[in-house]
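Please read the structure below before turning to the comments.
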Amino acid sequence: MGVQLVAAALKAAAFPCACTALGALAVVALRRPAGERASRVLLGFSAGVMLAACLFSLLLPAIDRAGPAGWWQAGAGLLAGVALLMGTEAAAGQLLRGERGRAGRVTLAITLHNLPEGMVVGLAAALGTAGDPEVLAGAAALSLGIGLQNIPEGAAVSLPVRQAGASRAKAFGAGAASGLVEPAGAVLAALLAAPVAGALPWLLSMSAGAMLCATLEELVPAACGRGRAGTAALAVGFAVMMALDVALG
């Protein structure tokens, strides 16, 4: 039975992982690194996607799953996620400084965000396979919804990496790789279904904190520091991600 649960979890997580890679293909449209104004637009769009994901993909689901204690668990988890990313940055030192550091932190934040998403999908698929057809149908819908919202997230990783000077191939690889943790999270959730179910509010809110920290420190200042193009792109990115989450949630 354990093999069946793991297989079901992997199958459910495959679509979201593939969608992340699909979104990372956005760098193919960039024949060369964008100019300053275009760069602000791209970074602003990425920032909007990440801010919406923090709220609608992570914090609100964490509060819902935690019940009456959701408000303080989400707040504590958010702060823990901020501390986690700051600690990781400090440990990495020179690696995460400058333009390439911005791309590295964005990649790390979205990767952390994808892990609990994979765990949610894997947990639902495992529970459904274990004997609850309604949960299994819900897992399929969840996989579809998370996959579609992962498309702009893949772009949110690959575009800043490209703007940092990496080749299109490396930028695509970074975006695609950020989604590989979803199958890993799905398998982990399938193997540890009961304990993981109780820890998901913390995992979701911590991922939100990491993503929020990277977005506010790196993307927002670079996108919105001069002119309004980046701010407008941020609003568009937020609206796109919000629409995906609300419509498919």
Side-chain angles (χ1 to χ4, degrees), residues 10-30 34 38-39 41-61 103 105-122 124-125 138-163 166 168-186 204 207-208 210-212 214-215 219 223 232-249:
L10 281 174
K11 184 177 179 180
F15 180 73
C17 181
C19 285
T20 304
L22 178 63
L25 284 173
V27 295
V28 175
L30 294 177
S39 178
V41 169
L42 293 172
L43 292 174
F45 182 85
S46 299
V49 167
M50 292 175 69
L51 288 175
C54 287
L55 178 59
F56 295 100
S57 297
L58 297 171
L59 284 177
L60 292 181
R105 284 208 274 186
V106 170
T107 302
L108 176 61
I110 292 187
T111 301
L112 290 175
H113 158 64
N114 284 338
L115 180 61
E117 283 189 348
M119 295 174 76
V120 170
V121 171
L142 187 64
S143 176
L144 175 63
I146 289 178
L148 292 178
Q149 77 174 27
N150 278 359
I151 294 175
E153 289 182 6
V157 172
S158 63
L159 292 175
V161 173
R162 176 64 172 152
Q163 295 311 308
R168 288 195 298 274
K170 288 183 178 180
F172 167 75
S178 71
L180 293 178
V181 297
E182 292 198 351
L204 291 168
S207 297
M211 185 174 289
L212 182 66
T215 304
L219 296 186
L234 187 152
V236 171
F238 188 96
V240 168
M241 194 66 183
M242 177 186 67
L244 287 173
D245 270 318
V246 173
L248 300 170

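Computed from a predicted structure; not experimentally measured.
- Take Thr20 and apply the side-chain hydrogen bond (donor to acceptor under 3.5 Å, both in side chains) test, not counting sequence neighbours, and it matches Asn150.
- For the atom pair CG (Leu59) and SG (Cys54), the distance works out to 6.5 Å, reported to the nearest 0.5 Å.
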| said: Go through it in stages, so that I can follow the logic: the residues are Leu234 and Phe45, the test is side chain to side chain contact (heavy atoms under 4.5 Å, CB included), and I'd like the CA-CA distance, side-chain angles, deciding distance and then a yes or no. | reply: CA-CA 5 Å; Leu234 187 152; Phe45 182 85; over 6 Å; no
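- Minimum heavy-atom separation, Val161 to Ala174: CG2-CB, 4.0 Å.
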| task | Evaluate the side chain to side chain contact (heavy atoms under 4.5 Å, CB included) criterion for residues Leu159 and Val27: first the C-alpha distance (whole Å), next the side-chain angles of each, then the deciding distance (0.1 Å), finally the verdict. | result | CA-CA 6 Å; Leu159 292 175; Val27 295; 4.2 Å; yes
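- Atom CE in Met241 sits 11.0 Å away from atom CG in Leu55 (nearest 0.5 Å).
- Rounding to the nearest 0.5 angstrom, the gap separating the CZ atom in Phe238 from the CZ atom in Phe56 is 4.5 Å.
- Across every non-hydrogen atom of Pro183 and Ala13, the tightest pair is CA-CB, 3.8 Å.
- For Ala26 against Ala155, the heavy-atom pair with the smallest separation is CB-CB, 3.9 Å.
- When every heavy atom of Glu182 is checked against every heavy atom of Cys17, the shortest pair comes out as OE1-N, 3.7 Å.
- Taken from NZ in Lys170 to OG in Ser158, the straight-line distance is 15.5 Å, to the nearest 0.5 Å.
- We find the CD1-CG distance between Ile151 and Leu22 to be 5.0 Å, quoted to the nearest 0.5 Å.
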